[in-house]
Novice: 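Before I ask anything, here is the structure I am working with.
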Amino acid sequence: MKNYSKKFKMLWLIMVVTLGAYAPATFAQEEGEEEDAPVEFPASLDAKLAGLSEAQLAYLKDSSKTRRYASTTEELIEALEKRSAEQVAAYVDAMMWVEDQTGFEQGRDMAWLPLNTDSPDFNAWMVRRPRSFDPDREPGPVSLARGIPTFAGAPVALTPEDLIAGEVNVAIVGAPLNMGSGWRDAGYGPLVMRTSGGMAGNDQYTQISPGRELNIVDYGDIAIDNDSTERSMQHVREVVREIAETGAIPFIIGGDHSLEYPNVAALVDVYGKGNVSVIHFDAHHDVGMGDSPHHISHGQPIYRLMRDRHITGSDYIQVGLRSGGPSESGYRWMREQGFKYHSMAEVERYGWEYVMERVLDEARRDGRKLHISFDVDVLDPSYIVGTGTPVSGGMTPREAIPIVRKLCAQQELVGFDIVEIAPALDPGYTTALHSAAIIKACLVGVAMRKLGHDIDYLNPVTIDHAQDNYHEENPQ
């Protein structure tokens, strides 16, 4: 099918406009789905199909291919019935031509993107300034004066030696990657989270100030090659790994959700396969099945982690799913892979308190070291305007803050990322406000665990004015 005539190409273009012949491939068969049985056509189509070649008829009967143009067998039959025999032949040829042009062909298409390896600046974007260029100083965090903004108002650390000398518990690091999504400003997430505040200070619920109980530092921003997501993945993984190797917990401020791949891979490098579980808060499942020409994007980090054998589906708990995908077959595949998932449909049926307790119970029974990956679009867009792929019907901050705090108090947290913050889309700064509250909730949870508090701990003076015995007289 490599040499189609201009006539067939023109017929295809005409049918696109007049008959709706082509639709985007949103129904591609997902991995793990059983192969479909050949389509059986009614006898009323026999005359129209009689003139097709064996190859054309075989293609037409393969619903995994024709689903690109008609999502169901019924729609395909309807499309054929309204065409003449000649139009049916042209329709099938057009479908086959589109598939041929869409797929990769050796010799015609580039299988890889060449880089200029002769460039003297090939790695300049990620080379760190040598210590010998700077005045001598004792290793350890450095407090900045004169109002220079840092994450949580924390001192700055520049090297692993600073983290070790400062006995750092949490190193917050920016990862201003945006190319994994290709749109909508996530690269400025770290900047706005430094300047907006809200991560530091006293927590009203627990009366705990994380900065007093934990040694927290700002570890700067990880260098990003914003012309190459793949090259950036390698360097992000290196930096997250170097933080974790000191015993500090890396808190990564994104950036888009492709960052979940290097973040989790780095933690597996340090703690070993099978020793890290991940709780993934997101409106989307991010298990893009590898049908993209790119191996990493903000919709694929989990599948890439699985493909590269860093984790398995059973290492994941997903919370907040509600976008158009996965399909029913996608959910069945996730079940087969061992995913534990909690959609907003489950919340609608059983209520948030029930689902939250189920998530906490699953994490508790798992018992392994924990990484939390928090995509801000898990929250409803009425609260999070500034994000790249908002989906209506999400969680509220009042639902998200307690579960994050409890998870970070309950488990041995070894990593946390918050991603898809796109500040230019939110002139009201509520996205930054709520994002800071989520980060602070996790920091409070880590402090609670250090202090030995139960995950349900709330300070008694905060929850009761003590002017009467109302709670005792009206137990819940």
Side-chain angles (χ1 to χ4, degrees), residues 1-106 108-109 284-285 287-294 297 299-300 303 321-334 345 389 391-392:
M1 301 302 295
K2 304 300 183 185
N3 298 308
Y4 293 92
S5 69
K6 291 183 179 179
K7 173 184 175 183
F8 283 137
K9 295 177 186 178
M10 185 59 67
L11 278 171
W12 170 70
L13 290 172
I14 292 170
M15 287 188 290
V16 169
V17 177
T18 61
L19 299 175
Y22 178 70
T26 55
F27 298 96
Q29 187 173 20
E30 301 187 59
E31 183 169 322
E33 184 177 352
E34 292 184 9
E35 193 172 314
D36 295 325
V39 175
E40 295 292 336
F41 294 106
S44 59
L45 287 175
D46 287 350
K48 293 182 180 182
L49 303 182
L52 299 182
S53 69
E54 188 175 323
Q56 288 174 314
L57 191 58
Y59 186 94
L60 198 58
K61 289 184 174 183
D62 188 346
S63 62
S64 67
K65 297 180 181 296
T66 58
R67 192 181 292 119
R68 190 186 280 259
Y69 316 96
S71 60
T72 66
T73 298
E74 291 73 19
E75 287 183 17
L76 178 61
I77 291 171
E78 181 181 351
L80 296 174
E81 285 179 336
K82 67 183 179 183
R83 289 169 167 82
S84 68
E86 183 182 7
Q87 287 177 326
V88 166
Y91 181 47
V92 178
D93 263 331
M95 287 191 284
M96 297 173 76
W97 178 79
V98 170
E99 179 173 328
D100 174 67
Q101 296 300 303
T102 303
F104 174 79
E105 181 181 326
Q106 187 70 39
R108 181 191 68 187
D109 303 317
H284 312 86
H285 71 325
V287 193
M289 295 294 185
D291 56 355
S292 166
H294 298 283
S297 73
Q300 296 174 280
Y303 185 79
L321 304 180
R322 64 185 187 281
S323 69
S327 63
E328 181 177 343
S329 61
Y331 271 124
R332 293 189 185 280
W333 178 84
M334 290 168 67
T389 51
V391 183
S392 185

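The figures that follow rest on heavy atoms only: side chains count, while hydrogens, waters and symmetry mates do not. Every value quoted in this text rests on a predicted model; they were computed, and no experiment measured them.
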Novice: Hey, is the main chain of V391 close enough, under 3.5 Å, to the side chain of R322 for a donor-acceptor pair?
Specialist: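 A pair under 3.5 Å: yes.
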
Novice: Applying side chain to side chain contact (heavy atoms under 4.5 Å, CB included), can you list everything that pairs with L57, at least two apart in sequence or on another chain?
Specialist: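 With neighbours one apart ignored, the set is L49, L52, K61.
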
Novice: Can you list everything that forms a side chain to side chain contact (heavy atoms under 4.5 Å, CB included) with D46? Sequence neighbours excluded, please.
Specialist: A43

Novice: Looking only at heavy atoms, which two atoms of P326 and M334 are closest? And how far apart?
Specialist: CG-SD, 3.8 Å

Novice: Evaluate the criterion side chain to side chain contact (heavy atoms under 4.5 Å, CB included) for residue pair Y331 and L321; output intermediate values, then yes/no.
Specialist: CA-CA 11 Å; Y331 271 124; L321 304 180; 3.9 Å; yes

Novice: Determine whether F41 and T73 make a side-chain contact, defined as any pair of heavy atoms from C-beta on separated by less than 4.5 Å.
Specialist: no

Novice: Mind checking what makes side chain to side chain contact (heavy atoms under 4.5 Å, CB included) contact with E78, not counting sequence neighbours?
Specialist: none

Novice: Where do A79 and Y91 come nearest, in terms of heavy atoms and distance?
Specialist: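 It is CB-OH, 3.9 Å.
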
Novice: For Q56 and D93, which heavy atoms make the closest approach, and how far apart are they?
Specialist: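 In this case the closest contact between Q56 and D93 is NE2-OD2, 3.2 Å.
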
Novice: Ignoring hydrogens, what is the shortest heavy-atom contact between I77 and E40? Give both atom names and the distance.
Specialist: CD1-O, 4.4 Å

Novice: Can you sort out the partners of S392 under side chain to side chain donor-acceptor pair (under 3.5 Å), two or more places apart, ordered by chain and number?
Specialist: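 Applying side chain to side chain donor-acceptor pair (under 3.5 Å) to S392 gives none.
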
Novice: Has R108 got a side-chain atom pairing as donor or acceptor with F104's backbone, closer than 3.5 angstrom?
Specialist: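 Such a contact is absent between R108 side chain and F104 backbone.
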
Novice: Between D109 (side chain only) and E105 (backbone N and O only), is there a donor and an acceptor less than 3.5 Å apart?
Specialist: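 Confirmed, D109 side chain pairs with E105 backbone.
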
Novice: Would L80 and K48 count as a side chain to side chain contact (heavy atoms under 4.5 Å, CB included) here? Give the steps.
Specialist: CA-CA 8 Å; L80 296 174; K48 293 182 180 182; 5.8 Å; no

Novice: Of all residues at least two apart in sequence or in a different chain, which pass the side chain to side chain donor-acceptor pair (under 3.5 Å) check with E99?
Specialist: Y59, K65

Novice: Carefully, step by step, assess L60 and L76 under the rule side chain to side chain contact (heavy atoms under 4.5 Å, CB included).
Specialist: CA-CA 9 Å; L60 198 58; L76 178 61; 4.2 Å; yes

Novice: Looking only at heavy atoms, which two atoms of E81 and S44 are closest? And how far apart?
Specialist: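 Answer, listing the atom of E81 first, then S44: OE2-OG, 3.7 Å.
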
